[in-house]
2 protein chains.
Amino acid sequence: MATIKDVARAAGVSPSTVSRVIAGSDRISLKTKERVRRAMERLDYVPNAIARSLARSHTRTVGFTLARRADQAFSNPFFSEVLRGMSSVAQKRDYNILLSISMDEREERDKCLQLLRERRVDGLIVSTSRIEDPLIEALVDEEVAFVVIGRSASRPVLSVNNDNIQASYQAAMHLLKQGYRQIAFISGPSELVVSEDRLKGYQQALMDSGIPVSKDHIASVEFSEEEGFQALSRMREQGIPFDAVLAADDLFALGALRFAQEYRISIPDELGIIGFNDTPLMTYTHPPLSSVRILSYELGVEAMELLIDVLEHPEKRRNSKEIVLPSQLEVRRSTSR
Amino acid sequence: MATIKDVARAAGVSPSTVSRVIAGSDRISLKTKERVRRAMERLDYVPNAIARSLARSHTRTVGFTLARRADQAFSNPFFSEVLRGMSSVAQKRDYNILLSISMDEREERDKCLQLLRERRVDGLIVSTSRIEDPLIEALVDEEVAFVVIGRSASRPVLSVNNDNIQASYQAAMHLLKQGYRQIAFISGPSELVVSEDRLKGYQQALMDSGIPVSKDHIASVEFSEEEGFQALSRMREQGIPFDAVLAADDLFALGALRFAQEYRISIPDELGIIGFNDTPLMTYTHPPLSSVRILSYELGVEAMELLIDVLEHPEKRRNSKEIVLPSQLEVRRSTSR
DNA sequence: CTGTTAGCGCATTCAA
DNA sequence: TTGAATGCGCTAACAG
């Protein structure tokens with residue numbers, strides 16, 4: 001493997017001259033520039049990225065970390081899409097992505113800090129956002145360049161999020177317009193910012209429609225189909241009436257679907273169901289389920305662009321900025337009566 | 001950020017001594033070892049991975065590349081699971097994953113070669129395996145350490161694969177045992193090794209059962225639900241009778257499902273359907289679809305372990321080795337009559 | 001416009 | 001058991 005010295009020798013110049021033509025310096029004669037180019041060509045020379053990183057003290061790679069357990073894992077393609085979006089702009093702007101999937105948040109936090117301290121990455125994209133998020137706290141304290149996918153409730157940071165409140169509001173409004181009056185809401189873990197936001201939209205919609213918000217209609221459970229099923233079963237057992245379900249995740253909507261089947265409740269007539277994320281699955285169920293489509297790919301694109309922007313303009317690092325992407329309601333048979 | 005020099009100064013030793021305790025050298029007195037340890041602790045010192053990489057000329061990071069277009073993309077969680085598997089062993093053995101998602105194979109090939117030439121990665125895991133695969137050819141020619149997820153039809157390489165032939169054979173046998181006699185086979189693009197293998201299993205099963213293999217019953221199309229649907233529609237138009245569909249991908253099975261619905265063909269009575277990959281989706285369709293479950297997570301685990309093994313034992317690099325993981329038939333209503 | 005010099009932070013000889 | 005010297009491959013400040 002040829003080094004910069006080999007090229008210099010072959011072209012009859014000094015290594016720094018070669019370095020300059022690599023960098024595209026303009027104060028170099030076209031003649032030697034050409035000569036160096038040919039030498040590089042001939043020797044099949046490619047600059048060693050590690051050496052460059054050491055000399056310039058940045059790596060042009062960003063870390064992306066997330067914590068998923070086996071069960072929930074990637075059952076929906078959300079993160080895959082985010083990754084695709086991130087990768088496409090990374091490719092375009094000549095950055096690389098270092099990926100790490102952890103078992104839990106603790107492991108994720110350690111991994112982030114490690115990547116940073118080892119100087120393997122210039123910045124980070126993280127996706128966990130709990131209401132009190134120790135990872136985010138640590139990152140702002142260490143003054144690292146990072147952007148969160150989601151929203152930070154504690155500190156002002158750079159973030160890219162979808163309009164959860166608005167989306168949830170509209171989903172609830174849609175149910176109301178279809179004539180449903182008693183809407184159950186199945187939320188994910190309450191320590192997540194996303195749960196808080198979606199709940200807020202739901203509540204706001206009811207209030208704006210003059211419908212009292214009842215705690216009985218709100219469940220907060222772990223993300224899984226089974227938990228969604230159970231949540232509704234419990235409401236039914238307790239004699240709490242509901243004629244629609246707004247599910248903060250498609251998994252819950254699936255659970256609601258099974259619930260309806262089990263108790264022979266007809267959809268959409270007796271029960272309306274709407275989910276969140278619009279996984280491909282939703283069009284294949286019986287009946288097809290309405291859902292809020294998230295622009296996951298675009299989320300990844302925006303996050304990466306924001307991060308690179310900050311990386312290349314350190315003066316912007318102090319700013320906080322919240323990009324919000326619109327989501328769109330996909331109405332299907334489960335809410336069309 | 002403290003460097004090795006700072007630690008050396010603080011501990012009153014030379015940088016090389018510090019380097020030795022980092023490396024865990026045993027020819028160092030316990031006393032100085034302790035002193036250095038404390039200094040590292042006090043200064044919150046973490047070795048710079050880039051500098052280490054340059055000095056030792058390897059990075060402890062492996063590249064994972066794949067080419068996906070927007071449409072097919074990650075509609076199934078196969079690659080997400082592979083990634084989780086890879087990441088879990090990478091974590092354990094202190095390796096990192098550099099991820100790149102390309103638009104097409106050409107871009108993927110370029111990216112692989114770039115990562116290698118720039119020395120950003122020590123080795124590669126690739127997942128494309130076409131019958132004639134220029135990427136694989138290039139990698140063996142350049143003598144790089146890599147493992148393919150899938151099977152290489154051209155050159156002997158390190159690979160981790162699932163038992164496609166066997167799985168397809170058993171799927172077909174299952175249909176036969178259920179009494180289906182005219183089995184249509186929907187295959188992916190014929191240039192993929194996986195298509196070849198699954199076709200082979202199907203053919204073998206028919207032959208072993210004394211049933212003639214007819215070209216009319218075999219379609220080869222791009223991966224999509226729509227193409228699966230179209231393939232069957234064409235057979236029907238041409239008056240080719242079939243009472244079951246063996247789909248080389250769940251997407252095709254979904255297309256077959258829609259086909260059955262459209263023409264009011266009852267499943268499983270008039271038409272049996274079985275897919276490949278067992279995406280979570282399959283349990284939610286109406287009726288639930290049988291499918292061959294692939295051990296995607298384990299595929300990632302094995303691939304990463306194999307690669308790291310080779311990386312740390314260069315003498316093994318010349319060997320080729322093919323690890324084959326079993327898959328399992330998930331029988332559901334779509335084939336139970 | 002170009003070469004010389006001095007790092008970047010660490011690992012690894014070679015001596016002592 | 002330890003330190004000094006050298007190199008990994010490249011960039012950048014300073015001269016000229």
Side-chain angles (χ1 to χ4, degrees), chain A residues 1-40 43-61 94 96 114-122 312, chain B residues 1-37 39-40 43-61 94 114-122 312:
Chain A
M1 198 115 275
T3 76
I4 202 171
K5 278 186 191 168
D6 301 324
V7 176
R9 201 176 313 122
V13 297
S14 79
S16 31
T17 300
V18 177
S19 176
R20 287 190 185 99
V21 346
I22 293 174
S25 163
D26 48 349
R27 16 176 238 177
I28 257 194
S29 78
L30 247 69
K31 235 179 50 185
T32 65
K33 205 176 260 184
E34 247 326 293
R35 203 140 43 90
V36 171
R37 286 248 165 73
R38 271 203 300 274
M40 300 195 340
L43 299 185
D44 197 22
Y45 170 74
V46 177
N48 180 317
I50 304 301
R52 296 188 83 168
S53 295
L54 184 58
R56 311 186 56 168
S57 65
H58 63 246
T59 59
R60 291 193 86 83
T61 109
D94 195 25
N96 293 96
Q114 184 195 358
L115 289 179
L116 260 355
R117 297 220 174 97
E118 286 186 332
R119 316 230 126 245
R120 268 187 204 280
V121 300
D122 298 337
E312 302 191 338
Chain B
M1 196 114 279
T3 75
I4 201 172
K5 278 186 191 169
D6 302 324
V7 177
R9 201 175 312 122
V13 297
S14 79
S16 26
T17 300
V18 177
S19 177
R20 285 190 186 100
V21 346
I22 294 174
S25 164
D26 49 348
R27 7 175 247 178
I28 249 188
S29 76
L30 247 69
K31 236 180 49 188
T32 64
K33 205 176 261 184
E34 247 327 293
R35 202 141 43 91
V36 170
R37 286 249 165 72
M40 299 195 340
L43 299 184
D44 198 22
Y45 169 75
V46 177
N48 180 316
I50 304 302
R52 294 189 84 166
S53 296
L54 184 59
R56 312 186 56 167
S57 65
H58 63 247
T59 60
R60 291 192 86 83
T61 110
D94 194 26
Q114 184 195 357
L115 289 179
L116 260 353
R117 298 219 173 98
E118 286 184 336
R119 313 230 132 253
R120 267 187 205 278
V121 299
D122 298 337
E312 303 190 337

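Lettering follows sequence order; numbering is per chain, from 1. For clarity, every value in this text was computed on a predicted model and none was experimentally measured. Computation of the quantities below employed the complete heavy-atom set of this structure, encompassing side-chain atoms and omitting hydrogens, waters and symmetry-equivalent molecules.
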Estimate the overall bend of the helix from dC1(C)-dG16(D) to dA16(C)-dT1(D) from the end axes over five pairs each, rounded to 10 degrees. 40°
Using side-chain contact (heavy atoms from CB on, under 4.5 Å) as the criterion, list what pairs up with Asn96(A), not counting sequence neighbours. Thr61(A), Leu98(B), Lys111(B), Leu115(B), Arg120(B)
Closest heavy-atom pair, Ala39(A) versus Ala10(A), reported as atoms and distance to 0.1 Å, is CB-CB, 4.1 Å
With rounding to the nearest 0.5 angstrom, report the NE2 to CZ distance, His58(A) to Arg52(A). 8.0 Å
Could you tell me which residues satisfy salt bridge (charged side-chain N to carboxylate O under 4.0 Å, His left out) with Arg117(B), sequence neighbours excluded, listed by chain and number? Glu142(B)
With sequence neighbours excluded, tell me which residues meet side-chain contact (heavy atoms from CB on, under 4.5 Å) with Asp94(B). Gln114(A), Arg60(B)
Residues Ile4(B) and Tyr45(B): closest non-hydrogen pair is N-CE1, 3.6 Å
Rounded to the Å, how far apart are Asn48(A) CG and dG9(C) P? 17 Å
Tell me the side-chain hydrogen bond (donor to acceptor under 3.5 Å, both in side chains) pairs involving residues 15-32 of chain B, sequence neighbours left out? Ser14(B)-Ser16(B), Ser14(B)-Thr17(B), Ser29(B)-Thr32(B)
Rounded to the nearest 0.5 Å, what separation is found between the CG atom of Leu43(A) and the OG1 atom of Thr3(A)? 9.0 Å
Should Ile28(B) and Val36(B) count as side-chain neighbours, where that means a heavy-atom distance under 4.5 Å? no
Contacts of Ile50(A) that satisfy side-chain contact (heavy atoms from CB on, under 4.5 Å) - sequence neighbours left out: Asn48(A), Ile50(B), Ser53(B), Leu54(B), Thr59(B)
Residues from residues 16-38 of chain A sitting under 4.0 Å of DNA chain D, heavy atoms only? Ser16(A), Ser19(A), Arg20(A)
Which residues in residues 53-60 of chain A have at least one heavy atom lying under 4.0 Å from any atom of DNA chain D? Ala55(A), Arg56(A)
If the condition is side-chain contact (heavy atoms from CB on, under 4.5 Å), which residues does Glu34(B) pass it with, not counting sequence neighbours? Arg37(B), Arg38(B)
Outermost contacting nts on DNA chain D, any atom under 4.0 Å from chain B heavy atoms, listed 5' then 3', are dT1(D) to dG9(D)
The complete set of salt bridge (Lys or Arg N to Asp or Glu O under 4.0 Å) pairs with one or both residues in residues 3-14 of chain A, sequence neighbours excluded, reads Asp6(A)-Arg9(A)
With nearest nucleotide decided by heavy atoms, which residue, Ile4(A) or Pro15(B), maps closer to the 5′ end of DNA chain D? Pro15(B)
